[in-house]
Amino acid sequence: MSIPVKDDEIDIVIGALHADLTSFMNAWRPIFTRFHLIIVKDPDLKEELRIPEGFNLDVYKKPDIDHVVGTSTSIIFSGYSCRYFGYLVSRKKYIVSVDDDCLPAKDNKGFLVDAVAQHITNLTTPATPFFFNTLYDPFTEGADFVRGYPFSLRSGVTCALSCGLWHNLADYDAPTQALKPEERNSRYVDAVLTVPAKTLMPISGINIAFNRDAVGPALLPCLRLAGEGKFRWETMEDIWSGMCVKVICDHLGLGVKTGLPYVWRNDRGDAIASLRKEWEGVKMMEEVVPFFQLVRLPQEATTAEDCVVEVANAVKEKLGPKDPMFARTAKAMLDWVKLWKSVGVSSYSPGA
Amino acid sequence: MATVSPTPLLKDELDIVIPTIRNLDFLEMWRPFFQPYHLIIVQDGDPSKVIKVPEGFDYELYNRNDINRILGPKASCISFKDSACRCFGYMVSKKKYIYTIDDDCFVAKDPSGKDINALEQHIKNLLCPSTPFFFNTLYDPYRDGADFVRGYPFSLREGVPTAVSHGLWLNIPDYDAPTQLVKPLERNTRYVDAIMSIPKGTLFPMCGMNLAFNRELIGPAMYFGLMGDGQPIGRYDDMWAGWCTKVICDHLGLGVKTGLPYIWHSKASNPFVNLKKEYKGIYWQEELIPFFQSVTLPKDCTTVQKCYIEISKQVKAKLGKVDDYFNKLADAMVTWIEAWDELNPSGAKSAELPNGAAK
């Protein structure tokens, strides 16, 4: 049932927030070596990157970013947002992206999870957003559509986004992790499911994959908290991007899946110390969620680029007055589309 | 392992409703888990047959004669020769919670080999809030070892009351006849260790094999329709109840969960027999799904009964032209509510909820 995919249709994009990627790359080596990698160095990182030999990769650093993007844009590619530069310059159909503090996880039988293979399977089998299948992914081995599932909805739609999960350090916000400092996620939920149409969710950027041809421009580095930092619980950029992607996928009739694969996320950071910065993000969601629940895109918006522009305009109009951060975000979204249209199609390689 | 407070038994607040036409031997395996509870057995088929109930169970049993005697002319809404008759059990129960299970469903084992106490898990699901307004990627946030993920709005973290707990099945999966014919040997061996809220606005196929619900919150919506003898359709009873229930839950701001617990489904019914029963349903559901997806209930429908009567009116208006069956079904839906209200006079049991509390 799945579309056959060649290795050279996939890019693995890693945002390097840590200079020493040796143990990260070596842990992923059995899974990553077949593929082309794009490593984008956080422009704020001063140290030289240390990357082990034996990979087919391109590395982009601050000078490369500046050269490509120029100064006319409001987009800031620092911190976790650096990975979006990789999405911009990639020319592959599928992108898989994991944080550089994540390692391969083990499944419930003790085997190492090939997260890339699972993401690609998710992206190349249909999604079923219009009716919930109680046996979860009907296209997986050993499962199917259950009694009562309408036949006309069984061919499904293209899956544009695959959201994976995390063992050990789950993607909690700072207050939650601070309240439960010892809590670690060890549960292996052996399922992939389609998130229903019109249902919103927090899409974490820690472990995702997407169909760049279908939704590339909809993943966007546009919302920056004033206190944005180098720990996931000091950011909301991916959550914002994810809300945009989901609304756009719903509008375009594309699917979003969640569940497998798991990655193992290393312990890092101090939730209590981050609490001060994180309150902004937590408060922000209270405004953001009702906005996305109500936003409607016009029928004429038939591409991801068009949809981003529509969402940006709605953000400016409805959220802009509430907080200048949203006005900046709306502008950044329009800048992103411009950037995507100019850079996303031409070809570029990094200087020596 | 963290200490978790024990799940209350609720033995005086929960009835187990079992439809049967053959025998109740399966209860022996469930004895350790079911014995504390009161059973309501709805005997389908020939009322002169004596159904033997294993020793030691506290139960009441109703056959067709009892149903006719108790409901009089309203008995026409209760199906004959179909497990849909089980909803009579929901109506006569006086308890707050119902668990219903098929007589070919047995105790399953979890991946560690331990017997699964399905009833206990359903009770946990019903006593714990649902989160239908925003999807949590770590599934049930109230479960031990899980929580709400980053980005989940704090204002939605209290959740809403859970009206329905929909369990799943290992071994013989709940497939329709065409799928059974194509994959006769497929067995469900995947244990998915999750419970999740079905999001607001999303419909699902509700299976009645392993189902629990809060009768006070949603009972009147659990009408299993006109199936079996004299009817053009079968094996859509639980589907029909599920679609009505979900629309009403969405309107009243109640939650529906699916996932754990698993039971072991042992008997694969004959796919050719099933095909004959389902055949009309398979193409009717192409009309039914858009119908349920577009049903809107007015603000003044603040009780389950009012919502249900409103749906019956819309069934008649919009589905009557698909087939005359739906006119009969719409009438039966009204009869069901009349019978429900007669047997359950309003007072403490009929919960009036503020409508549309949904965010």
Side-chain angles (χ1 to χ4, degrees), chain A residues 108 130-136 140 142-153 163 165 170-176 179-180 183-191 193 195-204 232-233 236 238-239 242-243 258-259 281-283 285-286 288-290 293, chain B residues 111 133-139 143 145-156 166 168 173-179 182-183 186-194 196 198-207 235-236 238-239 242 258-259 274 278 281-283 285-286 288-289 293 359:
Chain A
N108 52 5
F130 305 120
F131 205 76
F132 191 90
N133 192 46
T134 48
L135 280 186
Y136 314 110
T140 200
D144 211 307
F145 290 98
V146 296
R147 176 175 56 98
Y149 202 105
F151 276 77
S152 62
L153 295 179
C163 310
L165 293 173
D171 191 14
Y172 291 146
D173 51 45
T176 306
L179 210 62
K180 300 173 161 188
E183 180 141 303
R184 297 294 181 269
N185 187 26
S186 56
R187 183 173 287 124
Y188 188 86
V189 179
D190 188 7
L193 55 135
V195 182
K198 301 200 202 83
T199 296
L200 294 176
M201 65 197 265
I203 294 180
S204 165
R232 274 293 183 192
W233 52 49
M236 278 294 190
D238 52 347
I239 305 297
M243 303 285 271
T258 188
V282 163
K283 256 194 314 167
M285 287 310 288
E286 300 300 330
V288 163
V289 168
Q293 279 171 338
Chain B
F133 305 125
F134 205 71
F135 188 86
N136 192 47
T137 47
L138 279 186
Y139 314 110
R143 220 174 150 202
D147 211 308
F148 290 97
V149 296
R150 177 174 56 104
Y152 203 105
F154 273 77
S155 61
L156 294 180
H166 177 265
L168 296 175
D174 188 24
Y175 289 159
D176 52 47
T179 310
V182 168
K183 296 178 162 190
E186 185 146 284
R187 298 291 177 264
N188 186 22
T189 56
R190 182 176 284 112
Y191 184 92
V192 178
D193 191 2
M196 61 193 83
I198 302 186
K200 180 181 177 184
T202 300
L203 292 176
F204 77 114
M206 185 180 84
C207 173
R235 284 170 57 87
Y236 271 83
D238 42 6
M239 298 298 136
T258 187
N274 288 345
E278 289 174 12
I282 286 174
Y283 65 85
Q285 79 192 354
E286 299 299 332
L288 298 180
I289 299 310
Q293 282 171 336
K359 283 166 198 164

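On a predicted model such as this, the values are computed, not experimentally measured, just so you know. The chains referred to below are lettered A, B, ... by the order of the sequence lines, with proteins before strands, and numbering in each begins at 1.
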**Student:** Looking only at non-hydrogen atoms, find the nearest pair between D193(B) and R187(A) and report the distance.
**Tutor:** O-CD, 3.4 Å
**Student:** If I compare all heavy atoms of N185(A) with all of G145(B), which pair ends up nearest, and what's the gap?
**Tutor:** OD1-O, 4.1 Å
**Student:** Considering only heavy atoms, which portion of P178(B) lies under 4.5 Å from any heavy atom of chain A: side chain, backbone, both, or neither?
**Tutor:** side chain
**Student:** Of all of I198(B), T202(B), N136(B), which one pairs up most often with chain A through heavy atoms under 4.5 Å apart?
**Tutor:** T202(B)
**Student:** Which answer fits R143(B), side chain, backbone, both or neither, if we ask what part of it has an atom under 4.5 Å from a heavy atom of chain A?
**Tutor:** side chain
**Student:** Between T258(A), N108(A), D144(A), which has the largest tally of heavy atom pairs under 4.5 Å with chain B?
**Tutor:** D144(A)
**Student:** Calculate, to the nearest 0.5 Å, the distance between atoms CZ and OH belonging to R147(A) and Y236(B) respectively.
**Tutor:** 8.0 Å
**Student:** With rounding to the nearest 0.5 Å, note down the distance linking CG in D147(B) to NZ in K180(A).
**Tutor:** 3.5 Å
**Student:** If I take atom CZ from residue F131(A) and atom CD1 from residue I289(B), how far apart are they, to the nearest 0.5 angstrom?
**Tutor:** 3.5 Å
**Student:** Please classify the contact of I203(A) with chain B as side chain, backbone, both or neither, using a heavy-atom distance under 4.5 Å.
**Tutor:** neither
**Student:** With a 4.5 Å limit on heavy-atom distance, are the side chains of F151(A) and Q285(B) in contact?
**Tutor:** yes
**Student:** Taking P150(A)'s backbone N and O only, do any of them form a donor-acceptor pair with E286(B)'s side chain (distance below 3.5 Å, no angle check)?
**Tutor:** no
**Student:** Would you mind checking which part of V289(A) comes under 4.5 Å of any heavy atom in chain B, side chain (CB onward), backbone (N, CA, C, O), both or neither?
**Tutor:** side chain
**Student:** Examine whether an atom of F148(B) lies under 4.5 Å from a heavy atom of chain A, and if so say whether it belongs to the side chain, the backbone or both; otherwise answer neither.
**Tutor:** backbone
**Student:** Between atom CG of L135(A) and atom CZ of R190(B), what is the distance when rounded to the nearest 0.5 Å?
**Tutor:** 9.0 Å
**Student:** Relative to chain B, which segment of L200(A) carries a heavy atom at a distance below 4.5 Å: side chain, backbone, both, or neither?
**Tutor:** both
**Student:** Side chain from CB out, backbone as N, CA, C, O: work out which of these in A146(B) comes under 4.5 Å of a heavy atom of chain A, or both, or neither.
**Tutor:** both
**Student:** Using modelled atom types only, decide if a donor and an acceptor are shared between the side chain of K198(A) and the backbone of K200(B) within a distance under 3.5 Å.
**Tutor:** no
**Student:** Let me know if T137(B) has heavy atoms under 4.5 Å from chain A in its side chain, its backbone, both or neither.
**Tutor:** both
**Student:** Would you give the length of the straight line joining atom OH of Y152(B) to atom CG of D173(A), rounded to the nearest 0.5 angstrom?
**Tutor:** 12.5 Å
**Student:** Report which part of Y136(A) has an atom under 4.5 Å of a heavy atom belonging to chain B: side chain, backbone, both, or neither.
**Tutor:** side chain
**Student:** Specify the closest pair of heavy atoms between M239(B) and G148(A), including all atoms of both residues, with the distance to one decimal.
**Tutor:** SD-CA, 3.6 Å
**Student:** Between D238(B) and chain A, which part of the residue has a heavy atom less than 4.5 Å away: side chain, backbone, both or neither?
**Tutor:** side chain
**Student:** In terms of heavy-atom proximity below 4.5 Å to chain B, should A191(A) be classed as side chain, backbone, both, or neither?
**Tutor:** both
**Student:** Which heavy atom of Y175(B) sits nearest a heavy atom of V146(A), and at what distance?
**Tutor:** CD2-CA, 4.4 Å
**Student:** Which bit of T199(A) comes within less than 4.5 Å of chain B, counting heavy atoms only: side chain, backbone, both or neither?
**Tutor:** side chain
**Student:** Considering all heavy atoms of both residues, which atom of N188(B) and which atom of G142(A) are nearest to each other, and what is their separation?
**Tutor:** OD1-O, 4.4 Å
**Student:** Measure T140(A) against the heavy atoms of chain B and call it side chain, backbone, both or neither at under 4.5 Å.
**Tutor:** side chain
